[in-house]
Amino acid sequence: MSIQPTAGPAHRPYWDEALETQPRADWEALKLRLLQDHLQHAYTHSPHYRASFDAAGVHPSQVRSLDDLRRFPFINKQTLRERQLAVPPFGDLVAVPERDIVYLSASSGSTGVPTASPFTAADFDGWIDYEARQFWSSGLRPEDRYAHALNFSLFVGGPCVLGAQKLGALSIHAGTVPSERLLAILRQFQVTALWTTPSYAWYLGETAIKEGLDLRKDLAVRRIFVAGEPGGSIPETRQRIEDLWGASVYDYYGLSDIFGSCAGMCEAKDGLHWAEDHILVEVLDPDTGAPVPEGGRGELVLTTLQKTARPMIRFRTGDIVSFTAEPCSCGRTSIRLRGIHGRLDDMLIIKGVNIFPSDVEALARRDHDLSGEYRLVVERDNHLDLLTVELERSHAFTGSDAELAQRFARQLKSVTGVSARVQILPADTLPRATHKARRVEDRRTGVWA
């Protein structure tokens, strides 16, 4: 259900009006039809889901309502890692032949092996059409000049730029170039819209000012889309970035295991409209698994509805969120993400890239010049998140601490995509724990005060 960018005037308010403004009852009926077909596809074509459903005593034919989905088993990030290692290279959650897979993104995992997320041509086209719909809801139009300042290396956020192209905007695949180069691009081409992380939007603005640029006169940026960190949904943070740039800031949310951005702010900025025709949402009490009331906080559990290459059935994200189905003043009727309030695990997000302590552990314990003990210290300087990895050299190591630190930093960057400062400490420096080690020290306080 989509329209081409040439259909209708550029000032129309919706990308797909019939879909975006349909009554809630129609949304529920659409999701049920998609869910029934999707579960059947997963059961028929994925060895993992067939075995998992059979073991749980459930079958797609038993689904008569959306509530029936709660009888089906969960999966999580560990499931994806284990099944990919057991059945390489993509795992047995995949439900299409490899010849039908045309694209894959990947995210890092605790084993250091990227966790792949495959797409068929139809999956990819549906994803990009949604990105166009989301951009349109945030006010991007064919007359805009858009710069996509996200990582393109296996990162699922990279191809989202094609959504801007689909709606007709002039699109610049800027990527993660140095700040001075990005500012030159913004100035030379008088870019009107930009996508980056909240902290980098702040840093880039301050860098421009230090270079003597007037953000309102020398640049033309009027819309900034942000994702990868919670700041975009924090009103105080968003307001400070808007005041700095003289531009309107819109928060987006996505996850690497399904597809790029799957929720985003419309121009009313009253929560993030969800891609309900692509992903079914459950918000559950993490202890009991029971649904929480609308507006209550719970773990976000997601089920794909159209992604056939690798269906994701009841994927536990670990994010603690809240949603509302109240009508939005923009006229769209999809449910809205009201905030991500925390995580169940200790995953860190550094400059928009996810990293787990276990990613570091896998590297630290592989290197015999290190003791294997480690600690992650997260700080914020000039509104940018900085990660320091503290490591101990082994008792037997007699080489250069500086060279050891550089080697580890290169390995970490290669495996996770995260740049970190690495500090080598003498053996036996870091505290030991008899039960559960405290691996993360987060020193970020009063960031936006």
Side-chain angles (χ1 to χ4, degrees), residues 25 27-98 100-101 109-110 115-118 120 123 255 257-259 262 274-294 296-321 323 325 335 344-345:
W27 274 115
E28 301 305 306
L30 172 63
K31 290 188 293 184
L32 178 59
R33 292 196 302 273
L34 292 171
L35 176 63
Q36 290 169 328
D37 290 344
H38 199 59
L39 289 174
Q40 187 61 57
H41 169 74
Y43 184 79
T44 301
H45 298 289
S46 162
H48 171 80
Y49 284 119
R50 176 177 288 271
S52 174
F53 293 177
D54 286 348
V58 294
H59 190 275
S61 64
Q62 299 169 342
V63 175
R64 300 281 193 269
S65 71
L66 294 177
D67 288 342
D68 290 334
L69 181 61
R70 294 206 297 271
R71 300 171 55 198
F72 286 72
F74 294 110
I75 61 171
N76 57 24
K77 189 75 172 181
Q78 188 62 27
T79 310
L80 304 183
R81 293 175 183 142
E82 290 175 353
R83 299 317 305 161
Q84 182 174 293
L85 289 171
V87 188
F90 307 121
D92 57 0
L93 280 76
V94 169
V96 297
E98 183 177 342
D100 291 344
I101 296 173
S110 60
T115 305
S117 179
T120 67
D123 295 342
L255 66 165
D257 299 297
I258 297 182
F259 64 54
C262 51
W274 190 262
E276 279 197 86
D277 51 325
H278 287 276
I279 307 169
L280 181 68
V281 167
E282 297 176 86
V283 182
L284 306 179
D285 182 304
D287 295 322
T288 67
V292 302
E294 181 181 332
R297 296 185 179 189
E299 183 183 2
L300 179 64
V301 177
L302 301 177
T303 295
T304 53
L305 295 174
Q306 297 192 49
K307 190 179 178 188
T308 59
R310 187 187 66 188
M312 297 286 279
I313 310 301
R314 305 201 79 197
F315 177 64
R316 300 188 69 156
T317 67
D319 287 330
I320 300 298
V321 303
F323 274 83
I335 60 173
L344 291 175
D345 57 25

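Side chains are part of it too, since the values below use all heavy atoms of this structure and drop only hydrogens, waters and symmetry mates. Throughout, residue positions are numbered sequentially from 1 according to the sequence presented.
- Counting all heavy atoms, side chain and backbone alike, Leu255 lies closest to Cys262 at CD2-SG, 3.8 Å.
- Contact detail for Ala116 and Gln84: the closest heavy-atom pair is N-OE1, 2.9 Å.
- Shown here are the side-chain contact (heavy atoms from CB on, under 4.5 Å) partners of Thr308, two or more places apart in sequence or in another chain: His41, Val96, Thr120, Asp123.
- In terms of modelled atom types and a separation under 3.5 Å, the side chain of Glu294 and the main chain of Ala325 share a donor-acceptor contact.
- When the salt bridge (charged side-chain N to carboxylate O under 4.0 Å, His left out) test is applied to Glu28, the partners found at least two apart in sequence or on another chain are Arg24, Lys31.
- Listed by chain and number, the residues in a side-chain contact (heavy atoms from CB on, under 4.5 Å) with His59 are Gln40, Tyr43, Ser61, Gln62 (sequence neighbours excluded).
- A distance of 11.0 Å separates CZ of Arg83 from CG of Leu80, quoted to the nearest 0.5 Å.
- Proximity of a side-chain donor or acceptor of Tyr49 to a complementary backbone N or O of Ile313 within less than 3.5 Å is detected.
- Screening residues 58-71 for salt bridge (Lys or Arg N to Asp or Glu O under 4.0 Å) gives Asp67-Arg70 as the qualifying pairs, with residues at least two apart or on separate chains.
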For a quick test of your reading: what N or O donor-acceptor pairs under 3.5 Å do the side chains of residues 278-285 make, sequence neighbours left out?
residue : atom : partner : partner atom : Å
Glu282  : OE1  : Arg314  : NH2          : 2.9
Glu282  : OE2  : Arg314  : NE           : 3.0
Asp285  : OD1  : Asp287  : N            : 2.7
Asp285  : OD1  : Thr288  : N            : 3.1

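- Here the shortest heavy-atom pairing between Leu35 and Val63 reads CD2-CG1, 4.2 Å.
- Between the side chain of Glu299 and the main chain of Gly318, a donor-acceptor pair closer than 3.5 Å is present.
- Of all heavy-atom pairs between Pro118 and Ala309, the closest is O-CB, 3.4 Å.
- For Asp100, the salt bridge (charged side-chain N to carboxylate O under 4.0 Å, His left out) criterion is met by no residue, not counting sequence neighbours.
- Formation of a donor-acceptor pair under 3.5 Å by the Gln306 side chain with backbone atoms of Leu34 is not found in this model.
- Atoms CD1 and CZ, on Ile258 and Phe315 in that order, are 6.5 Å from each other to the nearest 0.5 Å.
- Annotation: the span from Leu66 atom CG to Trp27 atom CH2 amounts to 13.0 Å, rounded to 0.5 Å.
- We find the CG-OG1 distance between Asp257 and Thr317 to be 9.5 Å, quoted to the nearest 0.5 Å.
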Could you walk me through whether His48 and Thr79 satisfy the side chain to side chain contact (heavy atoms under 4.5 Å, CB included) test, starting with their C-alpha distance in whole Å, then the side-chain angles of each, then the deciding distance to 0.1 Å, before giving a yes or no? CA-CA 10 Å; His48 171 80; Thr79 310; 4.0 Å; yes
Kindly indicate, with the supporting measurements, whether the criterion side chain to side chain contact (heavy atoms under 4.5 Å, CB included) is fulfilled by Leu300 and Phe323. CA-CA 10 Å; Leu300 179 64; Phe323 274 83; 3.7 Å; yes
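- Nearest heavy atoms, Leu39 versus Phe72: CD1-CZ, 4.2 Å.
- Between Thr115 and Arg310, the closest heavy-atom pair is CG2-NH1, 4.5 Å.
- Note: Ile75 CD1 to Arg316 CZ = 11.5 Å, rounded to the nearest 0.5 Å.
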